Amino acid sequence: MFVRNHLLSLAAGAAVVAGVVVASPARAADSVKIGLILPMTGGQASTGKQIDNAIKLYMQEHGDTVAGKKVEIILKDDGAVPDKTKTAAQELIVNDKVNFIAGFGITPAALAAAPLATEAKIPEVVMAAGTSIITEKSPYIVRTSFTLAQSSTIIGDWAVKNGIKKVATLTSDYAPGNDALNFFKQHFTAGGGQIVEEVKVPLANPDFAPFLQRMKDSKPDAMFVFVPAGQGGSFMKQYAERGLDKAGIKVIGPGDVMDDDLLNGMGDAALGTVTAHIYSAAHPSQMNKDFVAAYKKDFSNRPGFMAVGGYDGIHLIYEALKKTNGDTNGDKLIAAMKGMKWESPRGPISIDPETRDIIQNVYIRKVEKKDGELYNVEFQTFPDVKDAGKTKK
Ligand code: PHB
């Protein structure tokens with residue numbers, strides 16, 4: 001890539017010296033480049049695959065040209081290692097001269113790229129990561145995923161109102177896990193709930209078994225769980241093996257642990273689990289039914305919430321380019337994105353013009369079996385939820 005660009009610029013230079021005006025065959029101005037940085041390998045690979053799939057699907061449906069420009073996606077696998085994210089972002093910006101960086105499977109990856117987006121003055125579209133602080137790290141960051149605060153506050157209030165008095169918590173030991181824990185605790189204890197056990201597990205290859213016995217012994221009414229997308233299946237397997245379901249200890253939490261792409265593999269131990277989240281494959285809108293059917297047809301699995309973050313992220317990029325008439329100036333693109341509203345497979349969403357963060361419905365859902373498959377069935381909606389976790393200025 002570097003060699004090709006280098007040669008092209010040499011050729012362009014020669015044309016100028018000779019005083020000849022030539023139309024170069026593939027001028028950068030005719031295309032829009034999106035550098036997509038995702039974990040395609042390692043423990044977070046299901047996030048990368050969902051987002052990559054959803055972007056492919058969107059481009060199949062909407063074409064690969066927008067505002068007269070050809071959209072070129074350059075995918076780099078960072079394996080969810082923030083140093084690799086940074087190197088990938090640098091290469092994409094300096095060598096490939098991308099107009100956007102996008103993706104970011106985990107919070108540390110989104111944070112690692114933030115100073116580079118600021119320096120290059122190009123949008124960083126966060127399609128997966130969920131810690132509140134992220135959008136405050138660069139004026140060029142816009143988020144189409146979610147924040148843990150959005151769902152954890154709501155499940156905290158729900159637990160209090162539904163007779164849950166004692167909770168043991170198990171959260172992944174990094175920034176979004178801490179957001180989930182803190183926002184849940186704030187709401188749950190303010191309503192009179194009590195935390196009887198608190199456990200943090202490592203992000204990489206967690207073994208839940210040693211902690212589950214402690215959870216069981218603390219005899220909670222429920223356990224609050226946050227594990228990132230991709231880990232819910234192994235968590236629920238160990239939860240059932242240790243007999244916590246039989247002991248009547250229900251799982252509650254943000255919906256990451258009940259991700260739709262893994263839910264069917266969890267078996268009946270997942271039945272009845274109540275979580276608060278932003279997307280369910282069972283969301284009853286026509287748009288979602290079409291989205292799920294098209295995704296399944298192409299990729300033979302259900303889309304989960306990460307897929308929707310990617311689908312909406314590429315939509316935001318397309319619509320911003322339409323608004324700027326194809327102008328790729330980063331400040332103009334960010335201005336175009338602020339306040340944008342649209343219907344997503346998850347329901348109505350918008351970009352908060354003040355914070356560049358997503359405003360969306362949060363649904364309370366319960367796992368039920370329909371036609372032999374497990375689904376998160378939505379039964380209560382909290383409309384237009386903003387992130388509760390922004391630093392007060
Ligand atoms: C994050 O690292 O911000 C993250 C990753 C996966 C999730 C939620 C948050 O499911």
Side-chain angles (χ1 to χ4, degrees), residues 37-40 42-52 54 78-82 84-85 102-114 124-137 141-155 170-184 200-206 224-236 251 253-263 266 275-281 303-310 312-313 346 357-358 360 362 365 376 387 389-390:
I37 308 176
L38 290 171
M40 301 304 294
Q44 255 52 51
S46 72
T47 295
K49 288 193 183 121
Q50 286 194 46
I51 293 177
D52 184 40
D78 68 355
V81 177
K84 290 192 182 161
T85 315
F104 310 102
I106 58 167
T107 291
L111 295 178
E124 172 178 337
V125 181
V126 174
M127 299 171 166
T131 306
S132 290
I133 194 90
I134 290 173
T135 47
E136 296 179 37
K137 293 299 181 187
I141 294 182
V142 181
R143 171 157 40 201
T144 59
S145 44
F146 51 85
T147 72
L148 275 310
Q150 283 176 322
S151 43
S152 300
T153 49
I154 286 175
I155 198 71
L170 182 145
T171 52
S172 194
D173 191 11
Y174 76 123
N178 295 335
D179 267 11
L181 175 64
N182 294 336
F183 285 102
F184 171 76
K200 294 188 182 184
V201 296
L203 169 63
N205 308 312
F224 172 86
V225 179
F226 166 76
V227 291
Q231 293 185 359
S234 62
F235 170 77
M236 286 306 287
V251 171
D256 307 67
V257 65
M258 290 289 124
D259 193 355
D260 272 296
D261 77 327
L262 300 175
L263 186 57
M266 294 182 194
T275 52
H277 215 222
I278 49 105
Y279 177 69
S280 164
F305 61 98
M306 290 302 188
V308 175
D312 289 328
R346 65 184 113 176
D357 218 333
I358 186 165
Q360 59 193 326
V362 174
R365 322 90 51 84
N376 291 296
D387 174 43
K390 292 284 171 273

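Predicted, not measured: the structure shown is a model, and the values here were computed from it. Order of appearance sets the numbers: ligands from 1, and atoms from 1 within every ligand.
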**Prompt:** Can an N or O of F226 be found at a distance shorter than 3.5 Å from an N or O of ligand 1?
**Reply:** no
**Message:** Using a plain distance cutoff, I'd like to know if A229 has any nitrogen or oxygen under 3.5 Å from a nitrogen or oxygen of ligand 1.
**Reply:** yes
**Closest protein heavy atom (residue, atom, distance) for atom 7 (C) of ligand 1** =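 So the nearest neighbour among protein heavy atoms is D256 OD2, 3.3 Å.
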**Request:** Just need the protein heavy atom nearest to atom 5 (C) of ligand 1, so name the residue and atom and give the distance.
**Result:** Y174 OH, 3.4 Å
**Request:** Fit a plane to each ring of F146 and F305, take the angle between them on a 0 to 90° scale, and name the class: parallel (under 30°), tilted (30 to 60°) or perpendicular (over 60°).
**Result:**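 Plane angle over 60°, so perpendicular.
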Out of all atoms in ligand 1, which are within 4.0 Å of some heavy atom of [X]? Include the element for each.
X: F146; result: 8 (C)
X: A129; result: 1 (C), 3 (O)
X: F305; result: 10 (O)
X: G130; result: 1 (C), 3 (O), 9 (C)
X: M306; result: 6 (C), 7 (C), 10 (O)
X: P228; result: 5 (C), 6 (C), 7 (C), 10 (O)
X: I106; result: 1 (C), 2 (O)

**Request:** Consider ligand 1: state whether an atom of it lies below 4.0 angstrom from any non-hydrogen atom of G105.
**Result:** yes
**Prompt:** Could you walk me through whether D78 and T85 pass the side chain to side chain donor-acceptor pair (under 3.5 Å) check?
**Reply:** CA-CA 5 Å; D78 68 355; T85 315; 2.8 Å; yes
Within reach of ligand 1, part of [X] (heavy-atom separation under 4.0 Å):
X: Q44; value: neither
X: P176; value: side chain
X: T107; value: both

With a 3.5 Å distance limit and no angle check, can you tell me whether [X] reaches the backbone of [Y] through a side-chain donor-acceptor pair?
X: Q50; Y: A307; answer: yes
X: S234; Y: Q231; answer: yes
X: T171; Y: N178; answer: no

**Asked** Do D387 and R143 sit within salt-bridge range, that is, some charged N less than 4.0 Å from a carboxylate O?
**Response**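 No salt bridge links D387 with R143.
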**Ionic contact status for D357 with K390, cut-off 4.0 Å** =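 Judged by the 4.0 Å cut-off on N to carboxylate O distance, K390 and D357 do form a salt bridge.
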**Asked** Are side-chain heavy atoms of L111 and F104 found at a separation under 4.5 Å?
**Response**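 No, side chains not in contact.
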**Prompt:** Side-chain contact, heavy-atom cut-off 4.5 Å: T147 with T131?
**Reply:**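 T147 does not reach T131 side chain to side chain.
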